[in-house]
Amino acid sequence: MNMDEIKAVYLADLEVVEDAKQLADFWTKYLGKGGEVQKLMNGIKNVPKEEKKAYGQAVNEIKNWAQALYDEKKTELDKQAILARYEEEKVDVTLPVKTVAAGNLHPLTSMKNEMINVFAGMGFEIFEGPEIEDDDHNFTRLNVLKDHPSRDMQDTFWLTEDLLLRTHTSPGQIRVMDMEKPPIKVLVPGKVFRSDSDATHSPMFSQLEGLVVDKHITLCDLQGMLDQFVKAIFSDEAKTRLRPSYFPFTEPSVEVDVSCFKCGGKGCSLCKGTGWIEVLGGGIVNNKVLENCGIDSSKYSGLAFGIGIERIAMLKYGINHMGKLFENDIEFLKQFKA
Ligand code: DAH
């Protein structure tokens, strides 16, 4: 076989190489130890002496030529492999995006957070009491005595003779005053329960209780704080008005109105023509309640308030039925996406 014929065989073999594995086999077959080139080299011993030099050079040339062929093919295959990978990993940035449905906070949760934030800015801390309370904390120590008609203000779910689902967050006041000495400045958010259900009442709803106990606390402090509160929640122009009321745990007690943020006080359907909307109850903590918690009422005084979170949310968002806040109707809830 002359060298050209040998080259033709190599070329034909290389022609069918399609991938890295076949190329590696090609290399082993021709250029590897014991491969075809090596065999040609070994054949030198049978070549007459005067032709050995030419023969050696020819084999060497074949070897270099085969190596170059191999290198060229390898470069080509490597390039193909990279292109194939690019193709496979290609991202079409013009494709429409898959939308992921992100949830949002329930309006009551964001309302509660918003309210807490306002008071947190005034230095209030948070305490969360139990939803199952006893008579003592929910009523008696708050000066709502047994057989007193004021117990009828709240229709109670009784669990046993003594245990009940708390009817308000006010028992949190007692729990905090049992644990801490004045100065106290605390918020008690949470669920409360009453046997009551219509457009503006639900058997379960939530309140935000506030309690401040310190020296020289007066109704002015209460109104000042609540003024800031209604401005932050409703409108910069909002004002509060205190009306005398009655709660066993406060003396004096007040009902707090906010100036109508819809009509600015002129009178509209929201404020029923009065220019004012009732938003919460509060007052100066009854001395009996302070004493019930071992706080000297000759040294200290306190203010307290209780706000219905649903009521604030309904007023702020114009919701006319409290049930909407508990139905979990996704279309309704989506409107509150921030
Ligand atoms: N606990 C009262 C209720 O649920 C609301 C309330 C009124 C809380 C006056 C207070 C307060 O702290 O001082 O109707």
Side-chain angles (χ1 to χ4, degrees), residues 112 115-116 119 122 124-131 133 135-145 148-157 164-178 184-197 200-214 217-226 229 240-258 278-290 292-293 295 297 300-312 322:
K112 179 180 83 178
M115 291 165 66
I116 287 176
F119 288 110
M122 302 179 202
F124 279 78
E125 291 175 358
I126 297 211
F127 170 79
E128 287 185 273
E131 287 172 8
E133 270 295 3
D135 184 296
D136 239 24
H137 288 86
N138 195 82
F139 291 127
T140 311
R141 290 174 70 196
L142 282 164
N143 197 37
V144 188
L145 303 178
H148 191 280
S150 66
R151 282 212 179 193
D152 297 341
M153 284 165 82
Q154 303 176 353
D155 282 320
T156 310
F157 287 115
L164 48 89
L165 296 181
R166 68 175 171 196
T167 57
H168 50 180
T169 42
S170 304
Q173 294 188 27
I174 304 293
R175 292 191 177 272
V176 170
M177 287 190 280
D178 276 350
I184 290 171
K185 206 171 187 187
V186 75
L187 293 176
V188 188
K191 292 193 182 85
V192 301
F193 308 84
R194 286 181 208 178
S195 177
D196 205 353
S197 183
T200 54
H201 296 88
S202 148
M204 182 207 75
F205 59 107
S206 30
Q207 290 185 331
L208 181 64
E209 188 87 12
L211 172 72
V212 179
V213 184
D214 204 342
I217 294 293
T218 70
L219 270 187
C220 290
D221 297 306
L222 178 66
Q223 187 161 26
M225 282 177 180
L226 295 178
F229 171 72
T240 59
R241 171 176 86 170
L242 307 187
R243 280 181 294 110
S245 183
Y246 173 75
F247 298 103
F249 27 91
T250 41
E251 181 57 40
S253 301
V254 293
E255 211 88 64
V256 182
D257 297 341
V258 60
E278 185 188 324
V279 280
L280 60 106
I284 290 299
V285 179
N286 195 316
N287 284 344
K288 288 196 191 128
V289 174
L290 294 179
N292 285 342
C293 298
I295 292 178
S297 63
Y300 294 101
S301 56
L303 64 80
F305 54 87
I307 315 177
I309 300 177
E310 285 78 2
R311 177 158 172 76
I312 303 295
M322 198 184 276

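Residue numbers start at 1 and run along the sequence shown. The analysis underlying the following values was restricted to heavy atoms, covering all of them including side chains, and did not include hydrogens, waters or symmetry mates. Counting starts at 1 for both ligands and their atoms, in listed order.
Within ligand 1, counting atoms from 1 as listed, the ones closer than 4.0 Å to a heavy atom of Gly283 are 13 (O). The distance from ligand 1 to the heavy atoms of Gln207 drops below 4.0 Å at these ligand atoms: 3 (C), 4 (O). For ligand 1, the atoms closer than 4.0 angstrom to any heavy atom of Phe247 are 7 (C), 9 (C). For ligand 1 and Gln173, the ligand atoms under 4.0 Å from any heavy atom of the residue are 12 (O). When each atom of ligand 1 is checked for a heavy atom of Arg194 under 4.0 Å away, the hits are 3 (C), 4 (O), 14 (O). For ligand 1, the atoms closer than 4.0 angstrom to any heavy atom of Ser170 are 1 (N), 8 (C). The contact set between ligand 1 and Ala304, taken as ligand atoms under 4.0 Å from a residue heavy atom, comprises 12 (O), 13 (O).
Remark: minimum distance from atom 5 (C) of ligand 1 to any protein heavy atom is reached at Gly306 CA, 4.1 Å. Shortest contact from atom 10 (C) of ligand 1 to any protein heavy atom: Glu209 OE2, 3.4 Å.
The two residues Arg166 and Glu133 make their nearest non-hydrogen contact at CB-CG, 3.8 Å. When every heavy atom of Gly302 is checked against every heavy atom of Leu290, the shortest pair comes out as N-CD1, 4.5 Å. Taking all atoms of both residues into account, the shortest heavy-atom contact from Ile126 to Pro189 is CG2-CD, 3.8 Å.
For the pair Lys185/Met225, a side-chain contact is recorded, criterion being any heavy-atom separation below 4.5 Å from C-beta on.
Not counting sequence neighbours, the partners of Arg243 by the salt bridge (charged side-chain N to carboxylate O under 4.0 Å, His left out) test are Asp257, Glu278.
Compare Phe305, Tyr246, Phe205, Phe249 by their heavy atoms: the one nearest to atom 2 (C) of ligand 1 is in Phe249. With atom 13 (O) of ligand 1 as the reference point, the heavy atom nearest to it among Val289, Leu280, Thr250 is part of Thr250.
The closest approach between Arg166 and ligand 1 stays at or above 4.0 Å for every heavy atom of the residue.
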Which pairs would a plain distance check flag for residues 247-255, meaning a side-chain donor or acceptor within less than 3.5 Å of a matching protein atom at least two apart in sequence or in another chain?
from, atom 1, to, atom 2, distance (Å)
Thr250, OG1, Ser253, OG, 2.6
Ser253, OG, Phe247, N, 3.0
Ser253, OG, Phe247, O, 3.2
Ser253, OG, Thr250, O, 2.8
Glu255, OE1, Ser245, OG, 3.0

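Of the residues listed (Leu165, Thr156, Leu164), the one engaging Phe193 in a side chain to side chain contact (heavy atoms under 4.5 Å, CB included) is Leu165, and it is the only one.
Centroid-to-centroid, the aromatic rings of Phe305 and Phe119 come within less than 6.0 Å.
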